[in-house]
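Comments concern the structure below.
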Amino acid sequence: MNSLTHNVSRLALLTDFEDERCRFDHYWPRLRNLDVPVPKTTFVPLESDGDSYRWDTNEILAFMERNGYDRAFVRTQVKAATVRLREGSFIHRPDATVVDRTIASLLNQNDQQSWPHGGGLVVREWLDFDFCPHPTHTCHPSVRFFIDDGEVLGHTPTTAEKASHVCTDGYVYLESLVADVDLSAPRRYAERVADELSETTWGIDFIMSTNGEWYCVECNFNGVYWNREEKRWWNMCGQGSSNRGVRLNSIRRRSAA
């Protein structure tokens, strides 16, 4: 058992995706004030009326115009598009029809997966994470740090080499960036986040852009929920079978107590 799975196994927080700690705006006000690179972000209310939704398209276009963005990323308070990311989270030009079509796909995809929306949209600058020429690939260096009680417990993948998720068809001009990937910068950032979000436990996601900068793109509340369909506990932000197995064994024992 490595140090990550050993430390994470001590945690046992039962929750669900309706938990307010899973909402982006729960942690964002504190995260954005840290000395940690994050994408520029704005919030747009999402109103629901039965099976239909309403949002302010002009507010999204104004955010793009104000910042000079020809592209933007959109997600709900809880999740980005779950199946077809580019179709449901990539606003590829500042056009009202494109914005509305993208958001409709986002909400439809997440509704099909029974994800809550959290009552709002999160619109962000589009950062270039494309290390691969294939439009359907999501190849980029990334790492998730687990934090608890102000401490960085560990990370996954466990080495910088494994954190470089770039396929063999990557852009040639980016090969030097991939070859020099190390986790010292995101580790420093994770320690700052751990110190700020010290009241509970989180998984903190970092992705390296094609300019070589690491960005903190998301925080995931580090709890577990009961998967009714599969009839077993699922880790909400764990990665790797060993981490999940050790941690969920701990949850079962504590839940039965």
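Each residue takes its place number in the sequence, starting with 1.
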To the nearest 0.5 Å, atom CG of Leu127 lies from atom CD of Glu125 at 4.5 Å
Ring center gap for Phe221 and Tyr27 short of 6.0 angstrom: no
Arg75 side chain vs Val78 backbone, donor-acceptor pair below 3.5 Å: yes
Should Ile60 and Ile91 be marked as a side chain to side chain contact (heavy atoms under 4.5 Å, CB included) after you check the CA-CA gap, both sets of side-chain angles, and the distance that decides it? CA-CA 10 Å; Ile60 297 171; Ile91 300 173; 4.1 Å; yes
Residues which pass ring-ring contact (aromatic ring centres under 6.0 Å, His included) with His117, listed by chain and number, not counting sequence neighbours: Tyr53
Heavy-atom closest pair, residues Arg23 and Gly119: NH1-N, 4.3 Å
Under 3.5 Å, is there a donor-acceptor pair between the Glu87 and Ser105 side chains? yes
What's the spacing between Ser89 OG and Lys79 NZ if we round to 0.5 Å? 10.0 Å
Using the ring-ring contact (aromatic ring centres under 6.0 Å, His included) criterion, which residues pair with His137? Sequence neighbours excluded. His134
Applying side-chain hydrogen bond (donor to acceptor under 3.5 Å, both in side chains), run through Asp100 and Thr57 and close with a yes or a no. CA-CA 7 Å; Asp100 290 343; Thr57 305; 2.5 Å; yes
What closest approach, in Å, do Ala104 and Trp55 show between heavy atoms, and which atom pair accounts for it? N-CH2, 4.2 Å
Hey, is the main chain of Val98 close enough, under 3.5 Å, to the side chain of Thr102 for a donor-acceptor pair? yes
If the plane angle is over 60° it's perpendicular, under 30° parallel, otherwise tilted; pick one for Trp126 and Phe90. parallel
Quick check: does any side chain N or O of Arg124 sit under 3.5 Å from a backbone N or O of Val38, one acting as donor and the other as acceptor? no
Salt-bridge criterion met for Glu199 and Arg30 (N-O under 4.0 Å): yes
With a 3.5 Å distance limit and no angle check, can you tell me whether Asp130 reaches the backbone of Cys132 through a side-chain donor-acceptor pair? no
Thinking salt bridges, do Arg187 and Asp182 make one under a 4.0 Å N-O criterion? no
Whether the side chain of Ser52 engages the backbone of Asp49 through a donor-acceptor N/O pair (distance < 3.5 Å, no angle test) should be reported. yes
With heavy-atom distances below 4.5 Å as the criterion, would you say the side chains of Phe131 and Cys167 are in contact? no
Taking Glu47 for the side chain and Arg54 for the main chain, is one N or O donor matched with an acceptor at less than 3.5 Å? no
Taken to the nearest 0.5 Å, the spacing of Glu161 CD from Leu183 CG works out to 11.5 Å
Is the Phe145-His155 ring centre distance short of 6.0 angstrom? yes
Take Leu153 and Ile147 through the test side chain to side chain contact (heavy atoms under 4.5 Å, CB included) and record every step on the way to the result. CA-CA 5 Å; Leu153 304 180; Ile147 65 175; 6.0 Å; no
Keeping Gln109 on the side-chain end and Val83 on the backbone end, is there a donor-acceptor pair under 3.5 Å? yes
Using the rule given for side chain to side chain contact (heavy atoms under 4.5 Å, CB included), can you reason through Thr200 versus Asp148, listing the C-alpha separation, both sets of side-chain angles and the distance that settles it, and then say yes or no? CA-CA 6 Å; Thr200 188; Asp148 178 58; 5.5 Å; no
Considering residues, nucleotides and ligands other than Glu65, do more than 12 of their heavy atoms fall under 6.0 Å from its CD? no
State whether Arg93 and Asp70 are salt-bridged, where the test is any N-O pair (Lys NZ or Arg NE/NH1/NH2 against Asp/Glu carboxylate O) under 4.0 Å. no
Any heavy-atom pair between the side chains of Phe24 and Val122 that's under 4.5 Å? yes
Closer than 3.5 angstrom, by distance alone: can the side chain of Asn67 be matched with the main-chain N or O of Tyr69 as a donor-acceptor pair? no
Sub-3.5 Å donor-acceptor pair from the side chain of Ser176 to the main-chain atoms of Leu174, do we have one? no
